[in-house]
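Structure first, then comments.
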Amino acid sequence: MTHEVTTPLMLKQLYLSTIKLYFEETAEQAQKQHWSYQKYLATLCEMELSHRLEQRLARRLKESKLPQGKTLSTFDFKVAKSINSAQIQALSENISWVKKAENLILFGPSGVGKTHIAAAIGHSLIQQDIRVLFVSTMTLVQQLQQAYKDYHLPEALTKLSRFELIILDDIGYVKKDVQETSVLFELIAERYESGSLIITANQPFSEWHQIFPDNMMAVAAIDRLIHHATIITLQEESYRKIEAEKIRSKQF
Ligand code: ADP
Ligand code: MG
């Protein structure tokens with residue numbers, strides 16, 4: 001068999017699908033522009049790697065279940081005066097806090113942009129190849145509770161440990177129920193110094209005894225969360241309310 005026939009077959013066997021697709025057309029370009037053999041090979045390798053990265057990021061984005069459109073580019077920092085945009089930018093651009101398994105806790109009343117900021121940071125980190133999961137705390141607690149009932153809690157927690165960052169949205173919506181919130185504690189304990197969490201919350205820590213079955217557990221959870229954490233409190237008026245008022249004032 002000639003190399004025209006065997007080369008594509010070998011590239012397929014080697015899982016080099018992008019090189020397989022482009023090696024002939026790139027060879028023509030290489031000839032025309034008098035590239036060295038080394039440059040030809042390097043160009044093909046770069047194409048393969050960049051296509052693989054693109055595919056990986058698309059996979060990461062899909063598995064993250066992040067809400068669409070909630071990115072830094074759609075967040076108006078001029079409205080959110082209590083937020084230090086440089087700090088949010090730093091958390092988005094510098095992955096070292098995730099590599100060190102540190103946490104971020106966003107406090108503030110409803111509608112001020114906690115979920116948006118958390119999701120936006122998640123989006124940026126995915127672009128830097130970090131595995132992220134966004135989930136409502138209530139949903140996750142229900143899933144873990146089911147796993148507990150099925151005697152699969154350790155396996156469920158191990159599955160979650162693949163994510164370098166888990167965004168637990170609205171922790172305060174989970175209400176005291178001994179079994180339910182014990183699994184939330186298990187998750188927090190499991191991730192302590194091993195994986196990052198971003199938590200959004202309407203209530204300050206002083207009200208977290210409403211989430212956990214007893215005060216001891218609330219204190220133990222908070223202790224683990226804040227040992228290595230950035231805590232940000234958003235204090236603006238509800239963005240939802242401001243937007244609704246703008247629309248209303250246009251109507252009348
Ligand atoms: P919270 O989680 O604090 O309740 P959200 O993040 O859900 O608030 O924000 C409510 C809505 O307002 C969302 O649609 C969000 O995208 C939008 N929003 C909030 N703050 C801003 C902002 N500063 N710029 C742009 N959109 C914002
Ligand atoms: Mg929210």
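Order of appearance sets the numbers: ligands from 1, and atoms from 1 within every ligand.
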- Task: Could you find the nearest protein heavy atom to atom 15 (C) of ligand 1 and give me its residue, atom name and distance?
- Result: His116 ND1, 3.4 Å
- Query: What protein N, O or S atoms come within a distance below 2.8 Å of the Mg ion (ligand 2), ordered by chain and number?
  - Reply: Thr115 OG1
- So is there a nitrogen or oxygen of Gly111 less than 3.5 Å from a nitrogen or oxygen in ligand 1? yes
- Counting only N and O atoms by type, is there a donor-acceptor contact under 3.5 Å from the side chain of His209 to the main-chain atoms of Asp214? no
- Message: With the threshold set at under 4.0 angstrom, would you say Val112 reaches ligand 1 through any of its heavy atoms?
- Response: yes
- Query: Is there a heavy atom in Gly108 that sits closer than 4.0 Å to ligand 1?
  - Reply: no
- Item | Proximal candidate to atom 8 (O) of ligand 1 [heavy atom criterion; set Gly113, Ala201, Ala118, Ser110] | Gly113
- Note on the structure: the protein heavy atom lying closest to atom 2 (O) of ligand 1 turns out to be Thr115 OG1, 2.7 Å
- Query: Do we see a donor-acceptor contact under 3.5 Å between the side chains of Ser17 and His51?
  - Reply: no
- Of all heavy-atom pairs linking Leu125 and Leu91, the shortest is CD2-O, 3.8 Å
- Task: Output yes when a side-chain donor or acceptor of Asn202 lies under 3.5 Å from a complementary backbone atom of Gly172, and no otherwise.
- Result: no
- Just need the protein heavy atom nearest to atom 3 (O) of ligand 1, so name the residue and atom and give the distance. Lys114 NZ, 2.8 Å
- Task: Take every heavy atom of Thr74, measure it against each atom of ligand 1, and state whether any distance is under 4.0 Å.
- Result: yes
- Item | Top protein contact for atom 14 (O) of ligand 1, by heavy-atom distance | Lys70 NZ, 3.0 Å
- Neighbour count above 12 (heavy atom, 6.0 Å) for Tyr22 OH: no
- Query: Applying a strict 4.0 Å limit to heavy atoms, is Gly69 in contact with ligand 1?
  - Reply: no
- Query: To the nearest 0.1 Å, how far is atom 12 (O) of ligand 1 from its closest protein heavy atom, and which atom is that?
  - Reply: Tyr239 CD2, 3.1 Å
- Item | Top protein contact for atom 11 (C) of ligand 1, by heavy-atom distance | Arg240 CG, 3.9 Å
- Is Glu155 salt-bridged to Lys159, cutoff N-O under 4.0 Å? no
- Taking every heavy atom of Thr233 against every heavy atom of Ser82, the minimum-distance pair comes out as O-OG, 3.9 Å
- Item | Any pair counted as salt bridge (Lys or Arg N to Asp or Glu O under 4.0 Å), so long as it reaches residues 93-112, sequence neighbours left out | Lys99-Glu164, Lys100-Glu102
- Give the ring-plane orientation class for Trp208 versus Phe205, where under 30° counts as parallel, over 60° as perpendicular and anything between as tilted. perpendicular
- Look only at the side chain of Thr18 and the backbone of Met47, and say whether a donor-acceptor pair between them is shorter than 3.5 Å. no
- Task: Just jot down the ligand 1 atoms closer than 4.0 angstrom to any heavy atom of Pro109, in number order.
- Result: 3 (O)
- Can you tell me if Asp170 and Ser136 form a side-chain donor-acceptor pair at under 3.5 Å? no
- Message: Just checking Glu193: does its CD atom have more than 12 heavy atoms from other residues, nucleotides or ligands closer to it than 6.0 angstrom?
- Response: yes
- Query: What protein heavy atom sits nearest atom 23 (N) of ligand 1, and how far off is it?
  - Reply: Asp76 O, 2.9 Å
- Closest approach of Ser196 and Arg191, non-hydrogen atoms and distance? O-NH2, 3.1 Å
